[in-house]
Number of protein chains: 2
Amino acid sequence: MDNKVEIPRKAIYRLSIYSRCLKRLLENGIETVSSSALASAAGVKPAQLRKDLAYFGQFGTRGLGYPVEVLLNTIREVLGRAKLQPVVLVGAGNLGRALLRYDGFRKEGFEVLAAFDAKPDEIDESRIPVPVYSDDGLEDFIKENKVRMAIVCVPAEHGQAVANKLVDAGVQAILNFSPIVLQVPEHVVVTRVDLAIELENLSFFIDRD
Amino acid sequence: MDNKVEIPRKAIYRLSIYSRCLKRLLENGIETVSSSALASAAGVKPAQLRKDLAYFGQFGTRGLGYPVEVLLNTIREVLGRAKLQPVVLVGAGNLGRALLRYDGFRKEGFEVLAAFDAKPDEIDESRIPVPVYSDDGLEDFIKENKVRMAIVCVPAEHGQAVANKLVDAGVQAILNFSPIVLQVPEHVVVTRVDLAIELENLSFFIDRD
DNA sequence: ATATGTGAACGGCTTCACAGCC
DNA sequence: GGCTGTGAAGCCGTTCACATAT
């Protein structure tokens, strides 16, 4: 399959899920997996898995399945996850500090270099594995360290201002935990994670009294 | 518009976003809003906003727009957010404890009654506003308190077992922070929030060296 | 004049179903 | 026999465009 066909965003997202499943299979010493087995672990239909993989190559052996390790490495490559990716975090409140302590990021190849906060002096740095600086130095730091990704955990009222700063400094992707919709230029990608909205959304589906 | 037409999940999700925007408008004393203004604040197209609202009624005045307060209340009603919703959290690790301290849930009408952990004795409860119990009591607690929603923050290897317990006890909606795909019966809704995957997904869209 | 409500067109992702290969 | 790869069909949500209402 050739590169001219764009890979749909949704497919990209699922690639990450597949990679997690493959990682577990690899750890368990499994060398080959069928589309139906992997699909079920990832919560999708077999045909969809095969279509997703077909966007960037042919890896399977008919009658057999996919080689776990090769497939995993290829997916990582496609996702651009060959090397450690530097990240900054803005807003060291409750949530921000928790994310700084969260080891899932590093384990997956992201390095949070530093945190920034409007009032760094009031932050209890004792259990945080990275330095917390004042917002003032944000733009310089991003430029100096060629940071392209940022995590935003500031209150709603500061979200847009922070995003503007980040974009001006060269950030291209933002993981936004602030409960607002950020307005950014087209070349910048934002993923919004609003925990209260996720809960609210779920609550629609439970029985009412 | 009648109730026979199912509201798409994505539309439901957007209702939550609209409600946040409307809340801000209300706080600023704005009484009427057009579909284009509200849509732009919510990051969607005007036609989509109108379609979403049309799923459950007609609220606008042609030539004028929508009454902010009425619309907000109606959306809250549709979302089933009339009263406080009890929630339990399972897994009081870094992320779990941060979520317990996060005030966004309560502010939006969710009450985390208690947390459960495999090793509650090792948890530093000092800064957590709810009790942390042993996993043993999970099912009884859920039944006694008629809990229908749960937040899961346990390591991947325990995720499915915890989910099974929750479902058996009567939980109908799960917000899953564990990095696995939970297998649940059809009547149970799961929303997955995998922070590492979100980052990974974003990293696909930044320039490579 | 202006903005909603909505049938119809559109587009894109998902699923099917089967040909092709091991 | 079993499983992948893929064109074709199907489905669902989005967007358009205009009739409708104030």
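Per chain, numbering begins at 1; letters A, B, ... match sequence-line order.
Map B/Leu64 and A/Asp52 each onto its nearest nucleotide of DNA chain C; the residue landing nearer the 5' end is B/Leu64.
Between A/Tyr66 and D/dG5 there is a side-chain polar atom (N or O) within less than 4.0 angstrom of OP1 or OP2. In terms of phosphate contacts, A/Gln58 brings a side-chain nitrogen or oxygen within less than 4.0 Å of OP1 or OP2 of D/dT6. For C/dC16, the OP1/OP2 oxygens have no side-chain nitrogen or oxygen of A/Arg50 closer than 4.0 Å. Not one side-chain nitrogen or oxygen of B/Thr61 sits closer than 4.0 Å to the OP1 or OP2 atom of D/dT22. The shortest distance between the side-chain N/O atoms of A/Tyr55 and the OP1/OP2 oxygens of D/dT6 is not below 4.0 Å. Between B/Ser35 and the phosphate of C/dA3, there is no side-chain N or O to OP1/OP2 separation shorter than 4.0 Å.
C/dC10 atom P lies 16 Å from atom NZ of B/Lys45, rounded to whole Å. Nucleotide C/dG5 holds its C1' atom 14 Å from the CG atom of B/Leu71, rounded to whole Å. One can place CZ of B/Phe59 at 13 Å from C1' of C/dT4, the figure rounded to the nearest angstrom. Rounded to an integer number of Å, the gap from A/Leu49 CG to C/dC13 C1' is 15 Å. Rounded to a whole Å, the CG atom of B/Leu53 is 16 Å from the C1' atom of D/dT15. Summarising the geometry, the separation between CG on A/Leu15 and P on C/dC13 is reported as 13 Å, rounded to the nearest angstrom. B/Leu38 places its CG atom 12 Å from the P atom of C/dG5, with the value rounded to the nearest Å. Nucleotide C/dC13 holds its P atom 19 Å from the CZ atom of B/Arg9, rounded to whole Å.
With hydrogens and angles ignored, no donor-acceptor pair under 3.5 angstrom links the side chain of B/Lys51 to the base of C/dT6.
Here the nucleotide nearest the side chain of B/Arg62, chosen from C/dG5, C/dC22, C/dT15, is C/dG5.
Crowding of A/Glu111 atom CD: a count of heavy atoms from other residues, nucleotides or ligands under 6.0 Å exceeding 12.
Using bins of under 30°, 30° to 60° and over 60° for the plane-to-plane angle, the ring pair B/Phe59/B/Phe56 lands in the tilted bin.
Using a 4.0 Å heavy-atom criterion, one finds that B/Gly63 contacts the bases of the nucleic acid, with or without backbone contacts as well.
Neither side chain, B/Ser203 nor A/Gln85, offers a donor N or O lying under 3.5 Å from an acceptor on the other.
B/Pro129 approaches B/Leu100 most closely through the heavy-atom pair CG-O, 3.4 Å.
Distance check: B/Leu49 CG to B/Leu53 CG gives 4.5 Å after rounding to the nearest 0.5 Å.
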